[in-house]
2 protein chains.
Amino acid sequence: MVNTVFKALSDPTRRTILDLLREQDMTAGDIADHFDISKPSISQHLTLLKQADLVSSKRDGQHIVYSLNLTVFNELLKWILQFQSSKGSEPQ
Amino acid sequence: MVNTVFKALSDPTRRTILDLLREQDMTAGDIADHFDISKPSISQHLTLLKQADLVSSKRDGQHIVYSLNLTVFNELLKWILQFQSSKGSEPQ
DNA sequence: TGCTTAATTATAGATTTAGTTAATTAACTA
DNA sequence: TAGTTAATTAACTAAATCTATAATTAAGCA
């Protein structure tokens, strides 16, 4: 659902999480350490990102490892490209 | 500001407005007629879209005509393409 | 088993957002 | 000028969102 994705992307914390995962897969704890926000709050953000299919998670023993799911970005790309082909567009 | 843009895109009504403007420039009233929402509410949505630089407006006599501003979509495109080039990505 | 660490779920508070109606601004027209 | 139409701004309410703390689940280890 495109709405879930845009909602997920509308929060700066969640976009930063995606930026982090762009570099490498990370555990929930490691992600949380990058923010001045409680772990439960980060966990909630991760849940939203997962619901939007922007990330996936896998338990590794005691840890849960999150990784970027690139498929949805393709959808997003398509959505934006619709607009590029709209009018006689050649911005700047 | 990328945050303003994503916030603006996070609402379905605003995305539909963009879809409408993709076809042609429209007055505030014509836009409002496409929704079961009051005109003041649509006016607020248009203000947000304008703040995000996704649309621009121009008074034409009694009417105010809104049109798509494609420049910001390029920014958005860049943001997404960052992710495409992340890992060894070849989704599906 | 009992203790510790990692992470989530539950619950609640504060802020933000989307919508409403009422009032206001601006332009046209008889 | 008075009245009408188009759109916005103002003030308010209801719902959603973000964050926190407390409680719970799950895994590892002495």
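Each chain gets a letter, A, B and so on, in the order the sequences are listed, and its residues count up from 1. All figures in this text were calculated on a predicted structure; none of them were measured in a lab.
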Treat each ILVMFWY residue as a node, draw an edge where side-chain heavy atoms are under 4.5 Å apart, and state whether B:Val2 and B:Leu9 are in one component.
yes

Which whole-number value in Å describes the distance from A:Leu9 CG to D:dT17 C1'?
16 Å

Please tell me if B:Tyr66 has a side-chain N or O lying less than 4.0 Å from either OP1 or OP2 of D:dT8.
yes

Below the 4.0 Å mark, does C:dA7 have OP1 or OP2 next to a side-chain nitrogen or oxygen of A:Thr27?
yes

From the list C:dT8, D:dA27, D:dT9, which nucleotide is the closest neighbour of the side chain of A:Arg59?
D:dA27

To the nearest angstrom, how far is A:Asp60 atom CG from D:dA27 atom C1'?
11 Å

Searching all strands shown, indicate the nucleotide that pairs with C:dA30 (Watson-Crick or G-U wobble; both distances under 3.5 Å).
D:dT1

Give a yes/no answer on whether the side chain of A:Ser43 brings an N or O atom under 4.0 Å of OP1 or OP2 in C:dA7.
no

Could you state the CD-P distance from B:Gln62 to D:dT8, rounded to the nearest angstrom?
13 Å

Considering the options A:Leu49, A:Leu48, A:Asp11, A:Leu68, which one meets the side-chain contact (heavy atoms from CB on, under 4.5 Å) requirement together with A:Ile17?
A:Leu49

Between C:dC28 atom P and B:Ile64 atom CD1, what is the distance in whole Å?
12 Å

Are any side-chain N or O atoms of B:Thr16 and backbone N or O atoms of B:Pro12, one a donor and one an acceptor, separated by less than 3.5 Å?
yes

So, B:His34 side chain and B:Asp30 main chain: donor-acceptor pair closer than 3.5 Å or not?
yes

Is the shortest side-chain heavy-atom distance between A:Leu76 and A:Val5 below 4.5 Å?
yes

Atom CZ of B:Phe6 and atom P of D:dT17 are separated, to the nearest Å, by 17 Å

Counting the atoms with a prime plus P, OP1 and OP2 as sugar-phosphate, which does B:Phe35 contact under 4.0 Å by heavy atoms, base, sugar-phosphate, or nothing?
nothing

Whether B:Arg22 side chain and A:Phe83 backbone form a donor-acceptor pair below 3.5 Å
no

Write out a two-atom table: protein N or O, nucleotide N or O from nucleotides 11-18 of chain C, distance below 3.5 Å.
from   : atom 1 : to      : atom 2 : distance (Å)
C:dA18 : OP1    : B:Asp11 : OD1    : 3.4
C:dA18 : OP1    : B:Arg14 : NH2    : 3.1
C:dA18 : OP2    : B:Arg14 : NH1    : 3.3

Gap between atoms NZ and P, on A:Lys58 and D:dA27 respectively (whole Å):
15 Å

Candidate nucleotides D:dA6, D:dT21, D:dT8, ranked by approach to the side chain of B:Pro40 - the nearest:
D:dT8

Between the side chains of A:Ser56 and A:Lys50, is a donor N or O closer than 3.5 angstrom to an acceptor N or O?
no

B:Leu46 CG to D:dT9 C1': how many Å, rounded?
14 Å

Without decimals, in angstroms, what is the distance between A:Lys39 NZ and C:dT9 P?
16 Å

